[in-house]
Amino acid sequence: MSQPAYVKKIKISTDNTVWNDLPATSPSLSIGGDVLDDTNLATNAGFRSRCLGISDFSVSADSIWLENNQALTDLRDSKLNRTTLYIQYLPKGIVDGTGFTGQVVVESYEMTGDVAGLETVSISLQGNGTLTAV
Amino acid sequence: MSCVPAYNTTIKSGGTPVSVVDEPTTEISTDNWQITDPIRRVIDSKSSVIEVYDDVTLLDPATDYTIDYLQGIITTTSSLGVLGPVTVTYDYIPLTELGTAKSYSLSIGGDVADSTTFNTGGFRTRVNTILDISMSISNYSDLSQEFFDKKSGRLPILIEVRPGNRKHVAMGWFVVETDDHAGDIAGLEEEEISLQLASRDPLNFSYFIEP
């Protein structure tokens with residue numbers, strides 16, 4: 001059964017305890033890392049083979065800019081002060097084992113405003129350590 | 001919780017410095033004195049004269065205070081005790097709204113260094129290092145050549161962005177990276193400006209929220 005995205009929650013925390021909702025409109029989580037080619041003459045069957053090296057993840061989110069939103073404030077301050085944050089990516093909006101959590105650094109925090117639109121923020125986050133399911 | 005329409009957003013640029021004498025300040029918190037007149041708060045760090053007075057006593061810039069030039073805040077050394085009135089003689093930078101701006105973006109970015117080691121549990125780790133700010137502004141051209149003058153003169157320009165004309169303020173010194181002009185036969189002449197953070201002052205960018 002498919003999962004509607006409108007119930008998704010993106011939560012930000014400075015201490016991994018108190019969580020604040022990000023007013024995101026189109027967040028995405030990318031789970032990747034290094035894929036190492038170990039194809040060799042001794043063991044190949046005519047196909048490449050690989051094993052996984054360092055794992056990595058990143059999050060990007062376009063958000064509505066809200067003047068007093070704590071998550072946006074924490075993201076901006078984290079970038080300006082070079083601190084780390086915690087993120088929860090919850091497809092069902094709750095912690096039920098279907099979501100992900102990890103520590104991140106803010107790669108960029110971009111504010112945008114068009115006369116015919118809303119003030120918005122585009123955020124990109126890079127993983128800093130382990131990504132776990134929650 | 002309410003969204004903020006951007007049509008009220010203001011973007012301002014800094015103009016020619018203006019000299020003022022004995023400008024009053026307001027103590028906004030202990031030992032922190034802000035220029036009272038909001039129009040005169042941006043202090044030109046290149047002022048020929050910057051003098052801070054405790055009543056009639058000239059304070060020593062080497063030991064008695066520090067200055068936040070963008071917010072116009074004088075922070076006095078706590079050992080000076082109770083002061084007042086604190087006044088400042090300096091050049092302020094007036095801000096004028098870009099009357100034909102129609103969109104902007106301001107990106108707070110920089111370098112993110114990889115700190116992954118054998119002890120980080122199989123996941124990459126990272127640390128923010130040098131920060132950087134870039135901006136782009138889209139204007140209907142007012143033919144003032146303000147940005148062209150800055151670029152050709154190799155001069156930095158002070159830019160203030162106030163999203164939704166609310167209390168959040170992003171302000172910094174920028175160099176004009178590009179100043180592009182275009183206009184279709186059936187449209188208006190437009191100007192696209194890209195800006196990069198300049199090296200005018202040690203603190204060349206500030207994001208603050210007014211009380």
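When side chains are defined from C-beta on, Tyr109(A) does not count as touching Ser107(B), because their heavy atoms never get closer than 4.5 Å. Looking at heavy atoms from C-beta onward, Asp56(A) lies in side-chain contact with Arg126(B) at the 4.5 angstrom threshold. Between His168(B) and Arg76(A), some side-chain heavy-atom pair lies under the 4.5 Å cut-off.
If you tally non-hydrogen atom pairs under 4.5 Å between each of Thr73(A), Leu131(A), Leu52(A), Asn68(A) and chain B, the highest count goes to Leu131(A). Comparing Ile54(A), Thr83(A), Asp77(A), Val105(A) by how many heavy-atom pairs each has under 4.5 Å with chain B, the most go to Ile54(A). For chain B, the option among Ser122(A), Gly33(A), Ser108(A), Ser78(A) with the highest count of heavy-atom pairs below 4.5 Å is Ser108(A). Most heavy-atom pairs under 4.5 Å with chain A, from the set Ile11(B), Thr129(B), Thr116(B): that is Thr129(B).
The minimum heavy-atom distance linking Asp114(A) with Ala6(B) is given by the pair O-CB, 3.1 Å. When all heavy atoms of Arg166(B) and Glu67(A) are compared, the pair lying nearest together is NH1-OE1, 2.8 Å.
In this structure, chain B has heavy atoms under 4.5 Å from both the backbone and the side chain of Leu80(A). Only the side chain of Asp34(A) has a heavy atom closer than 4.5 Å to any heavy atom of chain B.
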| Test side chain to side chain donor-acceptor pair (under 3.5 Å) applied to Tyr104(B) and Glu119(A), step by step | CA-CA 10 Å; Tyr104(B) 82 96; Glu119(A) 285 287 340; 2.6 Å; yes
| field | CA sep, side-chain torsions, deciding dist, call: Arg82(A), Leu131(B), side-chain contact (heavy atoms from CB on, under 4.5 Å) | value | CA-CA 9 Å; Arg82(A) 298 179 177 81; Leu131(B) 302 182; 3.7 Å; yes
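Note on Asp132(B) versus Lys79(A): no salt bridge recorded, every NZ/NE/NH1/NH2 to OD/OE distance being 4.0 Å or above.
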